[in-house]
Amino acid sequence: QEMTEKGIIPNVVIYLCLMQGVCSSELPQHAKRLLDDMLARNISPNLQAFNVLINALCKLGLVTESHNFLAFMVERGMLPNTTTYNTLIKGYCLIQRLDKAKHLFNYMSTQGCDHDVVSYNVLINGYCKNQEIDEALRLLKEMSKQKIDPNVVTYTTIIHGLCLVSKLEDALVIFHKMQDCGDTANVVTYSTLIDTLCKHERVNEALDLFKLMDDRHVAPDVFTFTSIIDGLCKAGEIDAANGFFLELSCRGLQPSVCTYTAMIGGFCRNKKLDEAEELFLKME
RNA sequence: GAUCCCCUCAGAUGC
């Protein structure tokens, strides 16, 4: 504001900085105003900066606005790329508009933007989150037909989707198949399965997988630890959970708010209020 | 100085 009062017209870099700022601070109203402002001044970002904007708006839930912005820029001669569409498809999935997501997925290829593995991953995840695992599996088959190789993200997404509909055995089958193919499971794959096993009162199997990670030299991260800690707490194994809580720091990891919340909740449910408070005070 | 990161995809707690 001070800039414009002094007659200095902000350029696209200024707008992008502000836009990133308001978006990461979750200020959708400000983002909207900035966007209108920018368009009114006829300032055009390049494609990559444009994609950053599209993504930032989507993450705020302003998906329709983001899509309108795309249409507006296309009218002015801008050519979006596959990333642009992938980002918007993800946005529609986030606001639970799978119909729109699918439509855009079909539309992009008519505009010269070929689907890539991310396009499929995003859409597959949309269906998985919506517990439409059959459609997700159909897309997995389709992508292979299109000669787009699924990657570890694809498989992990499918595994998570199967877990969400409690098809844990099917998920484990895919997990074991992955080992056979070149795509080795990574920390996210393991954490997904560990978390689901814990939630299905199969903590011992979760711990087996945790050990397997070590054997395979896949380093657990804060997510892995939080799932294990939460699982052990809910199984009433507070001491074991606390052991993992301490081990996490030994491995050079920082507990997150989720980790603390899981552990503190465990202490509380087991009437160990002193320990809960002590940990709470350590959070700062 | 180089590499990595630097536009898009997967996992954890509670509400």
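Each chain gets a letter, A, B and so on, in the order the sequences are listed, and its residues count up from 1. As the structure is a prediction and not an experimental result, all values here were calculated from the model.
- Closest contact between the side chain of T83(A) and the listed nucleotides rA10(B), rA12(B), rU8(B) involves rU8(B).
- At most 12 non-hydrogen atoms from other residues, nucleotides or ligands lie less than 6.0 angstrom from CD of Q96(A).
- Among the nucleotides rA12(B), rU8(B), rC7(B), the one closest to any side-chain atom of K59(A) is rU8(B).
- You'll find that the side chain of K234(A) is closest to rU13(B), out of rG11(B), rU13(B), rC7(B).
- For S227(A), taking side-chain heavy atoms from C-beta onward, the closest of the listed nucleotides rU13(B), rA12(B), rG11(B) is rA12(B).
- Using atom C1' as the reference point in both rC7(B) and rG11(B), the two lie 23 Å apart (nearest Å).
- Among the heavy atoms of the strands lying under 4.0 Å from T87(A) are primed sugar atoms or P, OP1, OP2 only; no base atom is included.
- Between F225(A) atom CZ and rA12(B) atom P the separation is 17 Å, expressed in whole Å.
- Residue V153(A) is in base contact, counting any heavy-atom pair closer than 4.0 Å across all strands shown.
- For the ring pair (Phe, Tyr, Trp, His ring centres under 6.0 Å) with H67(A), the qualifying choice from Y92(A), Y107(A), F72(A), Y85(A) is Y92(A), the only one to do so.
- Counting to the nearest Å, the P atom of rC9(B) and the CG atom of N81(A) are 14 Å from each other.
- For the pair L193(A) CG and rA10(B) C1', the interatomic distance rounds to 12 Å; values are reported in whole Å.
- Checked by distance alone, N186(A) brings a side-chain donor or acceptor within 3.5 Å of a matching partner on the base of rA10(B).
- Here K129(A) does not reach the OP1 or OP2 of rC9(B): none of its side-chain N or O atoms lies under 4.0 Å away.
- Rounded to whole Å, atom P of rA12(B) lies 20 Å from atom CE of M263(A).
- Using a 4.0 Å heavy-atom distance criterion, V187(A) is classed as a base contact.
- Listed nucleotides: rC9(B), rU13(B), rA10(B). Nearest to the side chain of C258(A): rU13(B).
- Distance from the side chain of K90(A) is smallest for rA10(B) among the nucleotides rA10(B), rG14(B), rC7(B).
- The CG atom of L140(A) sits 17 Å away from the P atom of rA10(B) (whole-angstrom rounding).
- Between rA10(B) and rG14(B), the distance separating the two C1' atoms is 22 Å to the nearest Å.
- No N or O donor and acceptor, one from the side chain of T192(A) and one from the base of rA12(B), sit under 3.5 Å apart.
- Comparing rU13(B), rG11(B), rC9(B) by their closest approach to the side chain of F223(A) singles out rG11(B).
- Across all their heavy atoms, S166(A) and H200(A) have their closest contact at OG-NE2, 3.4 Å.
- Ion pairing between a basic and an acidic side chain is recognised when a charged N comes within 4.0 Å of a carboxylate O; R138(A) and E135(A) show such pairing.
- S256(A) comes within contact range of at least one nucleobase, with a heavy-atom separation under 4.0 Å.
- rC9(B) and rC5(B) are spaced 15 Å apart, taking the P atom of each and rounding to whole Å.
- One atom, OH of Y260(A), and another, C1' of rU13(B), lie 14 Å apart when rounded to the nearest Å.
- Note: CG (L123(A)) to C1' (rC9(B)) measures 11 Å, nearest angstrom.
- If you check rU8(B), rA10(B), rA12(B) against the side chain of T226(A), the one that comes closest is rA12(B).
- If you check every strand for non-hydrogen atoms under 4.0 Å, D221(A) touches a base.
- Of all heavy-atom pairs between C113(A) and P80(A), the closest is SG-O, 3.5 Å.
- Checked against the 6.0 Å centroid criterion, the rings of F210(A) and F244(A) qualify as a close aromatic pair.
- One can place CD1 of I124(A) at 19 Å from P of rU8(B), the figure rounded to the nearest angstrom.
- For CD of E277(A), the number of neighbouring non-hydrogen atoms (other residues, nucleotides, ligands) closer than 6.0 Å is 12 at most.
- Across all strands shown, T189(A) has no heavy atoms under 4.0 Å from either base or sugar-phosphate atoms.
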